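As the structure is a computational prediction, the values presented were derived from the model and not from experiment.
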Amino acid sequence: FGSSTYYGSRAVNSPPAFQMRLHYALCSVLVVFGHAEDSLHSNAEELSYAPTMKRALRRHPELRAQKLLKAGPPKNAKNVLLFLLDDMRPNLGAYNSSVAYTPNMDSLAAEGLTFSRAYANYAWCAPSRNSFLSGRLPDTTRTFNFGDHFREPGIGDKWRSMPEYFKEHGYTTANSGKIFHKMKPPNNDYPRSWTLKPFTPYCSPPSCPDSTASFIEHATHHHVCLERGVSEDVWKDYCALNVSKDEGRIEYQLEDQAVRDNCIEQLREVNTLGKPFFLACGFHKPHMPWVFPAEFLSHYPPHEEIPLARHHQAPTGIPRIAWHAPPGTITGLSHHFNGTDDPQIARRYRRAYYASISYNDYNVGKVLEALDQLGRKEDTLVVLTSDHGFHLGEQHIWSKMTNFELGLRVPLIVRAPWLSKSAGKVTPVLAELVDLYPTLAELAGLPHPWSEGEWVNGTSLAAVFQEPFNVAMKSFAFSQFAKPKADDPFKVSVEMRRNETEVMGYTIRNDRWRY
């Protein structure tokens with residue numbers, strides 16, 4: 001699962017590259033024909049139904065929204081509670097991790113459906129979130145960096161995002177924390193996607209003027225690092241702070257506790273409005289720096305006993321462009337291709353990463369507890385996932401931003417209490433994050449987006465909840481990653497714009513292999 005096939009404009013001869021080119025070409029054709037006014041699909045619909053109204057609704061999204069809102073949500077529509085974590089690979093007990101302490105996520109898995117092979121379509125925050133929150137593949141959003149976003153004119157300014165789709169169908173939509181990436185799209189896509197103003201410490205005013213949160217700089221000036229990494233800078237490495245996981249003073253709280261508490265407040269608010277809700281809770285950890293209450297280290301053995309990466313060197317013969325050096329936030333480790341890391345520093349970092357996951361396992365548990373107390377467990381679809389995976393020294397990489405298995409693989413747990421055949425099951429069916437949009441819509445009782453001219457690229461996996469072990473339902477998972485310069489293969493750039501990409505790497509995951 002470590003191999004990747006990368007290619008750019010000058011290297012397209014390998015069979016996997018051809019297959020990916022064909023796949024993305026077909027996806028592009030589907031998108032083009034799906035939006036074309038004169039396509040056969042559009043004409044067939046317009047001949048069968050009221051053509052003038054359909055054209056008007058397609059050309060004027062505000063009319064479509066008014067029509068759907070007037071109709072209200074479908075009868076017996078289910079609520080959606082989405083937990084979105086950042087940089088979290090599936091180091092959970094539910095995924096057979098021998099190290100993890102994640103009792104709340106494991107309990108959720110025991111009542112829901114666990115996708116053992118779920119993958120991001122892009123192993124970087126902004127491109128991944130632009131992709132699955134719009135329901136389009138990265139080659140459709142044309143977002144490969146932190147400079148572009150899908151709402152730009154000519155890209156997806158007419159699309160309905162996933163929360164917007166629920167909002168147009170009569171849902172109250174709200175979010176706390178990091179859901180969309182900072183300013184991508186601007187202002188957390190409020191008010192298009194959200195009914196209530198977002199609470200986003202990660203993007204607070206003035207950058208996101210409608211966020212109700214203030215920026216929380218990890219509250220480090222109020223606390224002391226009881227254990228830290230190599231750097232004296234708390235914005236690098238990690239810091240286990242002398243702060244309670246339930247700190248009552250807002251100015252002393254860590255960012256993810258503030259997100260948790262506001263998510264619970266929003267849950268209580270939307271529960272009083274008499275409509276189904278779509279509530280997204282975005283926790284920032286285990287994204288670096290690994291800043292967390294020190295008490296979560298107590299769930300792990302001393303760092304000397306933490307296992308190191310099994311495959312700590314890049315594969316023999318790897319194309320250099322498939323690898324990149326650790327980011328500047330990782331200190332004390334080698335930044336050279338297949339260099340040698342200090343094993344004790346590596347063990348400390350791995351332990352801090354696991355403790356960060358445990359911290360947000362606790363926060364997830366508190367929100368789920370509030371859901372139970374409100375009596376909404378049985379009619380709420382609960383989803384837990386991450387925007388992409390993370391390397392902890394494997395292939396000598398300490399980050400995401402790769403097309404390797406660990407950079408792309410994510411946890412995906414979905415609890416739908418009314419679908420008993422899925423409860424407690426672990427499905428081997430392949431899943432992509434871009435599948436979330438149509439899957440959640442169908443599970444919640446909404447029409448498939450295609451039926452309303454919303455040409456999402458993902459596949460609805462709702463049928464998997466009736467047949468969890470039918471691996472034939474999906475044959476492949478597709479991902480990609482861009483590099484700015486072919487002659488500087490290790491470079492990754494957040495400033496690189498979509499028209500500055502020289503190399504695009506593609507990867508296919510099938511039942512047995514990654515190509």
Determine, for Tyr202 and Lys178, whether the Lys NZ or Arg CZ falls below 6.0 Å from the six-membered ring centre while staying within 45 degrees of the axis. yes

Sub-3.5 Å donor-acceptor pair from the side chain of Ser134 to the main-chain atoms of Asn130, do we have one? yes

Do Asn510 and Tyr515 touch side chain to side chain, with heavy atoms closer than 4.5 Å? yes

Answer yes when Arg260 and Glu265 have at least one side-chain N-carboxylate O distance shorter than 4.0 Å, and no when they do not. no

Can you tell me which residue among His391, His388, Glu394 is in a side-chain hydrogen bond (donor to acceptor under 3.5 Å, both in side chains) with Arg89? Glu394

Worked verdict on Asp148 versus Arg142 for salt bridge (charged side-chain N to carboxylate O under 4.0 Å, His left out): CA-CA 8 Å; Asp148 300 310; Arg142 306 295 296 158; over 6 Å; no

CA sep, side-chain torsions, deciding dist, call: Glu111, Lys377, salt bridge (charged side-chain N to carboxylate O under 4.0 Å, His left out): CA-CA 11 Å; Glu111 297 178 333; Lys377 176 179 177 178; 3.1 Å; yes

Strictly distance-based, threshold 3.5 Å: is any side-chain N or O of Thr195 a donor or acceptor partner for the main-chain N or O of Thr173? yes

Can Arg514 be said to sit on top of Tyr119's aromatic six-ring, NZ or CZ under 6.0 Å from centre and within 45° of the ring axis? yes

With a 6.0 Å cut-off on the ring centroids, do Phe166 and Tyr171 count as close? yes

Regarding Arg129 and Asp387, does a basic nitrogen lie under 4.0 Å from an acidic carboxylate oxygen? yes

With ring centroids as reference points, do Tyr101 and Tyr354 lie under 6.0 angstrom apart? no

Please name the pair of heavy atoms, one in Leu392 and one in Tyr353, separated by the smallest distance, quoted to 0.1 Å. CD1-CD2, 3.5 Å

Note: Arg136-Glu454 ion pair, threshold 4.0 Å (strictly below): yes

Determine whether the aromatic ring centres of Tyr437 and Tyr165 lie less than 6.0 Å apart. yes

Counting only N and O atoms by type, is there a donor-acceptor contact under 3.5 Å from the side chain of Thr102 to the main-chain atoms of Ser358? no

Show the numbers, then the answer: is there a salt bridge (charged side-chain N to carboxylate O under 4.0 Å, His left out) between Glu467 and Lys421? CA-CA 8 Å; Glu467 298 182 80; Lys421 290 183 179 179; over 6 Å; no

Evaluate the ring planes of His181 and Phe146, with Trp represented by its six-membered ring, and classify them as parallel (under 30°), tilted (30 to 60°) or perpendicular (over 60°). tilted

Run the salt-bridge test on Lys78 and Glu378 with the 4.0 Å N-O cut-off and return the result as yes or no. no

Closest non-hydrogen atoms of Val410 and Gly389, given as atom of the first, atom of the second and distance, are CG1-N, 3.9 Å

Taking the ring of Phe481 and the ring of Tyr122, is the distance between their centroids below 6.0 Å? yes

Do Phe144 and Trp124 make the cut of ring centroids closer than 6.0 angstrom? no

Taking the six-membered ring of Trp290, is NZ or CZ of Lys285 closer than 6.0 Å to its centre and within 45° of its axis? no

Please check this pair: side chain of Arg415 against backbone of Leu113, looking for a donor-acceptor N/O pair closer than 3.5 Å. no

Compare every heavy atom of Lys400 with every heavy atom of His287, then report the nearest pair and how far apart it is. NE2-NZ, 3.5 Å

Taking NZ, NE, NH1 and NH2 as the nitrogens, is one of them in Lys474 or Glu432 under 4.0 Å from a carboxylate oxygen of the other? yes

If you draw a 6.0 Å radius around NZ in Lys425, do more than 12 non-hydrogen atoms from other residues or ligands fall strictly inside? yes

Give me the ring orientation class for Phe180 and Trp194: parallel if the planes are under 30° apart, tilted from 30 to 60°, perpendicular past 60°. perpendicular

Restricting to non-hydrogen atoms, name the atom on Arg151 and the atom on Asp157 that form the minimum distance, rounded to 0.1 Å. O-CB, 3.5 Å

